[in-house]
Every structure is written in C-alpha cells, then in structure tokens.
There are 2 protein chains.
Amino acid sequence: MANPLKAASRTLDSFDRAILRIVQRDNKTPQRAIAEAVHLSTAAVQRRIAAMEKAGIIRWNAALVDPDAISLGITSIVEVHLSDERTATVDRAKALFRAAPEVQQCYYVTGGTSFVLVIVSPDMRVYEATTRRLFSENAFVASFRSLIALDRVKAGMELAIP
Amino acid sequence: MANPLKAASRTLDSFDRAILRIVQRDNKTPQRAIAEAVHLSTAAVQRRIAAMEKAGIIRWNAALVDPDAISLGITSIVEVHLSDERTATVDRAKALFRAAPEVQQCYYVTGGTSFVLVIVSPDMRVYEATTRRLFSENAFVASFRSLIALDRVKAGMELAIP
DNA sequence: AATGAAATCCCAACGTG
DNA sequence: CACGTTGGGATTTCATT
C-alpha cells in the first residue's frame, strides 16, 4: 500500500468492462443474468470476476449504507492546509486521516490545499470535536475550512466505464 | 427523490448495526458467517438484511472498481460557485451534475462555495474538456477551482457505525 | 424465531474450438 | 488459452410450526 499508483496489470476487454458496469451497480446480480446480458457463459463470467478480484480491479464488494439511517446526518467536506509539505509531515497526516473512522474519504491534492476530506458525523457537536482532534490539536495542521453538505446530490462510488 | 433528507423509517438495534458493519466491508460474506458473528440464526440475518434493503438503509450493493484499472487515472475535487443561489439555478446545476457520468460525487454545500464535485477522468485533456462543458460553458457557473488528487488516501464509502 | 424442504446459485472438472 | 457444458455442493429462500 506504499505506492499511491499501483498499476493494475490485467488488460480489460469489452467483456470485462461490460461485467464491471453491471456489478458496479449491483454485485448481487446472478451470474446467469450477467452471462446473458454480456453474451457469455456463467462459467466465463465467474472466471472473469474472480480474476478481476484477484488483480485488484474489483477492490472490494460493499453494501452502501445510507448515513441518515444510522444517525450520521452531517456530511462535511474539509480542506486542510499543512504547516509544511515535508514528506514526513504529509505521511503523518495521511496516517492520521486514514486511521480516523469519521473520515470517510481523504485525498491528497495539489493547489495549495494539502488535503480534502469527507467527514461524516452524527451532529454538529461531535463534528466540532472531530475537527478539534484532527486539526486544531495537531501542530502540523496550519488551517482548515469546513463546507457542510446541505444535500448529497450524488454520493456513490460509481465510475463511467469507457 | 425530491427530498434531500429522507428519514429512514426503520429503527436499528445493535444486531442491525453489527450486520451493517460486516456487509459494508464485504457484502458477499455468507449469512452463516454473519449469523455466528452476531449470535443470530441465518434466517434472522436474512430477514434483517432484506428489511434494511427494502427500507433503503442499505442503498445498494456495489463492487468498488479501481479507477486506475480502467484508465481513469485522474481524480479531481472541484469547488463550483454559481452566479446566483436562486432555487431554479441550484436545481439546474444539481440536475446537470447528477446526470454527468464523469461526476462521481456531488455535494451541495454551505460556505460560499455552492458545490463540491469529485470528477474522474482518463487524462488531463479529457478533464479539461469536461470542465469546459460543465462549468465554462454554463452561464450559471460563476467560477470553479480544481484540486487534482495526487493520492487517493482513502476512497471508499465506509461509515463508522456507532 | 427456529426448522426443514425446495429452488437457486456458485464453482470445479472436463471437453472443444 | 479461453470458452461452453455438465454435475456436485453449498447457499439462499420460502413455508410451516
């Protein structure tokens, strides 16, 4: 996991991409249904899915949970600026954010802003406590800016597969 | 889908949350394994999962695909400012972003910035074309700022279930 | 909520182009 | 080498108590 860009070694043909388009939306689709949709046998579909899982092309199979259902009503996007951009500092920040359960997503970005995080919290009080723990109480965080989500217009992980 | 905050009607007990913690990481876990992990019968697990799917608590079951594997190496976070915040304008923007396949995620946010998007592209050339189509060529977009991801430190949809 | 039966699905082995 | 067909084993699903 040390390398940010781990190239996927397998070459995907149009069958693979067609399968991905389906399981991306519903990975519980029966292989028989997939098979007839892409005009392949169930065994071929099975082999390709297994290969793509092993190659890391399918990273994992997840049930996507509605945050509101479990009282995590606050979604916030946070821009975080570090005090410096030395490798050691950046790595410490990455480790911190990766380990924090409240941090649903974390991107290290260009453009002056060092990180963009997506944080999910039950309410504002807890959110404020989280920001204090992750940002205010860390010397290597110079500043941060919170954008509170009023509407999760689109909040999946779906990709437009070419 | 008109209401941004659709309250989930079902009340979750600790069994439900325990199940969610498991299927969130791997929704292909056999029900028997879930059952013994949470100390319930397989039938009970089965019924609870079905109920949570019907209630929308489990929004969908997805295979998460590695963007690099399908030549979508550029991930970008974009802040978008609208020319005005009238309802009609905001709704038009929401519809546009929701319909765009390149837009993986879209949040309508407070704090002066109207939207935060996550956009996935095969390369910079295509990314630039996308920004032109979605932002530069739309009169209701006043400005936007791109933050290119150097590292997807954490890029799932997992929630810390309380 | 638990039990058991029926249907379905997954997966490995074999044979073929 | 990858595909398709076939069969056994496991899992999900439904009906009953």
Side-chain angles (χ1 to χ4, degrees), chain A residues 6-66 69-70 156-159 161-162, chain B residues 8-72 156-159 161-162:
Chain A
K6 51 160 187 273
S9 42
R10 198 177 192 284
T11 308
L12 300 180
D13 60 15
S14 68
F15 286 115
D16 292 317
R17 291 198 297 273
I19 293 171
L20 285 179
R21 272 182 222 109
I22 294 173
V23 296
Q24 200 180 214
R25 287 179 179 276
D26 181 9
N27 71 348
K28 288 193 58 191
T29 309
Q31 296 184 345
R32 181 174 40 79
I34 300 174
E36 65 188 33
V38 304
H39 304 296
L40 241 59
S41 73
T42 62
V45 171
Q46 143 69 19
R47 273 191 294 262
R48 284 165 180 269
I49 290 177
M52 290 193 285
E53 282 175 347
K54 197 159 67 117
I57 292 161
I58 295 176
R59 291 186 305 161
W60 64 75
N61 294 295
L64 297 201
V65 176
D66 180 9
I70 50 179
M157 270 288 137
E158 210 169 318
L159 299 173
I161 297 179
Chain B
S9 42
R10 196 177 192 284
T11 308
L12 300 180
D13 60 16
S14 66
F15 287 115
D16 291 317
R17 291 197 297 274
I19 293 170
L20 285 180
R21 270 182 224 109
I22 295 172
V23 297
Q24 199 180 216
R25 286 178 179 276
D26 182 8
N27 71 348
K28 288 191 57 194
T29 308
Q31 296 185 345
R32 183 168 38 76
I34 301 174
E36 64 188 35
V38 304
H39 305 296
L40 238 56
S41 72
T42 61
V45 170
Q46 144 67 21
R47 263 180 287 121
R48 283 167 182 267
I49 290 176
M52 289 192 286
E53 282 174 347
K54 197 160 66 119
I57 293 161
I58 294 175
R59 290 186 305 162
W60 63 75
N61 294 294
L64 298 200
V65 176
D66 179 8
D68 293 325
I70 49 179
S71 302
L72 293 175
M157 271 288 138
E158 211 170 316
L159 300 173
I161 298 178

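Every chain is numbered from 1, with letters handed out A, B, ... down the list of sequences. All figures in this text were calculated on a predicted structure; none of them were measured in a lab.
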A.B. asks: Show me the donor-acceptor pairs, under 3.5 Å and distance only, between side chains in residues 20-30 of chain B and residues at least two apart or in other chains.
C.D. replies:
unit_1  : atom_1 : unit_2   : atom_2 : d
B:Arg21 : NE     : B:Ile161 : O      : 3.3
B:Arg21 : NH2    : B:Pro162 : O      : 2.9
B:Gln24 : OE1    : B:Leu159 : N      : 2.7
B:Gln24 : NE2    : B:Leu159 : O      : 3.1
B:Arg25 : NE     : B:Glu158 : OE2    : 3.3
B:Arg25 : NH2    : B:Glu158 : OE2    : 3.0
B:Asp26 : OD1    : B:Lys28  : N      : 3.0
B:Asn27 : OD1    : A:Asn27  : ND2    : 2.9
B:Asn27 : ND2    : A:Asn27  : OD1    : 2.9
B:Asn27 : ND2    : B:Asn61  : OD1    : 3.0
B:Thr29 : OG1    : B:Asp26  : O      : 2.6

A.B. asks: To the nearest 0.5 Å, tell me how far A:Thr42 OG1 sits from A:Arg47 CZ.
C.D. replies: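 Rounded to the nearest 0.5 Å, the OG1-CZ separation comes to 9.0 Å.
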
A.B. asks: To check you understand the geometry: which heavy-atom pair defines the closest contact between B:Leu12 and A:Ala69, and what is its length?
C.D. replies: CD1-O, 3.6 Å

A.B. asks: How bent is the helix from C:dA1-D:dT17 to C:dG17-D:dC1, measuring the angle between the end axes built from five pairs each, rounded to 10°?
C.D. replies: 20°

A.B. asks: Can you check whether B:Val65 reaches A:Met52 side chain to side chain, under 4.5 Å on heavy atoms?
C.D. replies: no

A.B. asks: Scan A:Leu40 against the nucleic acid and name what it touches under 4.0 Å (heavy atoms): base, sugar-phosphate only, or nothing.
C.D. replies: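 A:Leu40: backbone/sugar contact only, no base atoms under 4.0 Å.
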
A.B. asks: Using a strict cut-off of less than 4.0 Å between a Lys/Arg side-chain nitrogen and an Asp/Glu carboxylate oxygen, indicate whether A:Asp16 and A:Arg48 qualify as a salt bridge.
C.D. replies: yes

A.B. asks: What's the shortest heavy-atom distance between B:Ala63 and A:Ile58, and which atoms?
C.D. replies: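 Scanning both residues, the minimum pair turns out to be CB-CG2, 3.9 Å.
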
A.B. asks: Could you tell me the separation between the OG1 atom of A:Thr11 and the CD1 atom of A:Ile57, rounded to the nearest 0.5 Å?
C.D. replies: 8.5 Å

A.B. asks: Show me the donor-acceptor pairs, under 3.5 Å and distance only, between side chains in residues 31-39 of chain B and residues at least two apart or in other chains.
C.D. replies:
unit_1  : atom_1 : unit_2  : atom_2 : d
B:Gln31 : NE2    : B:Gln46 : OE1    : 3.2

A.B. asks: Which whole-number value in Å describes the distance from A:Ile19 CD1 to D:dA2 C1'?
C.D. replies: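 It is 13 Å, rounded to the nearest whole Å.
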
A.B. asks: Taking any atom under 4.0 angstrom from a heavy atom of chain A, which nucleotides of DNA chain C are the first and last to qualify, 5' to 3'?
C.D. replies: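 The footprint of chain A covers C:dC9 to C:dC11.
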
A.B. asks: Can you check each nucleotide of nucleotides 11-17 of chain D against protein heavy atoms at under 4.0 Å and return B for base, S for sugar-phosphate only, - for none, in 5' to 3' order?
C.D. replies: SSS----

A.B. asks: If I take atom CZ in residue A:Phe15 and atom P in nucleotide D:dA2, what distance separates them, rounded to the nearest angstrom?
C.D. replies: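 So the CZ-P distance, A:Phe15 to D:dA2, works out to 13 Å.
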
